[in-house]
Amino acid sequence: MITVAIASDHGGYELKEMIAGFLESMDYRVMDLGTNSPESVDYPEYGKKCAEAVASGQADRGIVVCGSGIGISIAANKVKGIRCALCTSLEMAELSRRHNDANMLALGGRTTEITLALNIVKKWLVTPFDGDRHERRVNQLNEM
Ligand code: RB5
């Protein structure tokens with residue numbers, strides 16, 4: 001069973017809750033790292049927590065949500081081994097997997113409409129990495 005760690009700040013809380021249910025309905029194991037209410041919190045803490053769960057191997061993939069998806073993706077990408085892609089379209093979700101082997105997805109709870117966001121999640125989870133020339137570039141990222 002694939003484990004997906006999820007986390008958000010208050011700006012992403014509502015979407016993060018919907019993603020949790022959506023993942024469960026598709027038989028993924030969900031590791032919910034909070035936040036657990038719409039009360040204001042700081043996104044760096046939640047981006048870091050989720051990224052560390054993925055980098056340590058406790059989770060296979062991670063999905064983070066803040067208001068825009070920007071702050072929490074910046075936080076996640078500071079953790080070594082993380083390639084977190086902020087996606088606003090199905091095409092970006094697909095390319096982030098095929099070309100970048102993104103192991104985390106970031107979404108904006110206030111900027112991406114819910115149905116599109118859930119479709120992005122699904123596309124991102126099922127799309128494999130193309131490997132080949134992209135593997136060399138991902139290896140270069142891993143060495144930074
Ligand atoms: C919180 O108000 C907001 O700044 C945060 O959710 C996110 O959009 C930051 O990038």
Side-chain angles (χ1 to χ4, degrees), residues 1-130 134-135 137-144:
M1 206 179 210
I2 294 174
T3 299
V4 183
I6 59 172
S8 75
D9 73 353
H10 54 291
Y13 171 67
E14 193 187 336
L15 179 55
K16 189 262 290 173
E17 292 294 296
M18 297 213 169
I19 291 171
F22 185 62
L23 291 174
E24 276 160 5
S25 77
M26 292 190 298
D27 281 342
Y28 288 93
R29 180 181 291 125
V30 176
M31 183 188 291
D32 189 341
L33 300 171
T35 188
N36 298 313
S37 85
E39 228 170 90
S40 183
V41 291
D42 297 332
Y43 60 79
E45 178 188 338
Y46 292 90
K48 182 171 183 255
K49 234 187 235 179
C50 193
E52 285 176 345
V54 175
S56 68
Q58 281 175 274
D60 300 293
R61 300 276 192 92
I63 301 177
V64 283
V65 193
C66 67
S68 62
I70 296 171
I72 206 157
S73 64
I74 293 172
N77 276 314
K78 285 187 171 288
V79 174
K80 189 156 177 59
I82 294 303
R83 294 175 302 283
C84 180
L86 169 57
C87 296
T88 57
S89 69
L90 294 175
E91 188 184 10
M92 288 173 78
E94 183 176 342
L95 288 172
S96 78
R97 289 291 313 136
R98 290 184 52 195
H99 289 194
N100 314 110
D101 198 17
N103 51 11
M104 288 187 65
L105 169 68
L107 292 163
R110 295 174 181 154
T111 53
T112 301
E113 179 268 317
I114 283 168
T115 307
L116 174 58
L118 296 181
N119 283 327
I120 287 173
V121 166
K122 191 169 180 186
K123 172 69 78 183
W124 182 77
L125 284 168
V126 302
T127 304
F129 179 43
D130 278 356
H134 302 294
E135 188 149 22
R137 294 161 187 162
V138 168
N139 286 339
Q140 289 168 13
L141 288 177
N142 288 340
E143 279 161 21
M144 286 180 182

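Note that the coordinates shown come from a computational prediction; the quantities given were computed from them, not determined experimentally. Numbering of ligands and ligand atoms starts at 1, following listing order.
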Visitor: Taking side chain to side chain donor-acceptor pair (under 3.5 Å) as the definition, give me every residue that meets it alongside E91, ordered by chain and number, with sequence neighbours left out.
Guide: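 Result, side chain to side chain donor-acceptor pair (under 3.5 Å) vs E91: none returned.
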
Visitor: Could you name the protein residues that come within less than 4.0 Å of ligand 1, counting only heavy atoms, and order them by chain and residue number?
Guide: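 Within 4.0 Å of ligand 1, protein side: D9, H10, Y43, C66, G67, S68, G71, R110.
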
Visitor: Nearest heavy-atom pair of L33 and A5: which atoms, and what distance?
Guide: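 Scanning both residues completely, I find the closest heavy atoms to be CD1-CB, 4.1 Å.
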
Visitor: Below 3.5 Å, can you tabulate the donor-acceptor pairs from side chains in residues 121-129 to any protein atom, sequence neighbours excluded?
Guide:
unit_1, atom_1, unit_2, atom_2, d
W124, NE1, S96, OG, 3.4
T127, OG1, K123, O, 2.6

Visitor: Is there a salt bridge (charged side-chain N to carboxylate O under 4.0 Å, His left out) between D130 and R97 once you walk through the steps?
Guide: CA-CA 8 Å; D130 278 356; R97 289 291 313 136; over 6 Å; no

Visitor: According to the side-chain hydrogen bond (donor to acceptor under 3.5 Å, both in side chains) rule, which pairs have a member within residues 54-68, sequence neighbours left out?
Guide: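 Sorted result for residues 54-68: S56-Q58.
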
Visitor: Determine whether more than 12 heavy atoms belonging to other residues, nucleotides or ligands lie under 6.0 Å from atom CD of E14.
Guide: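 Open: at most 12 neighbouring heavy atoms sit under 6.0 Å from CD of E14.
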
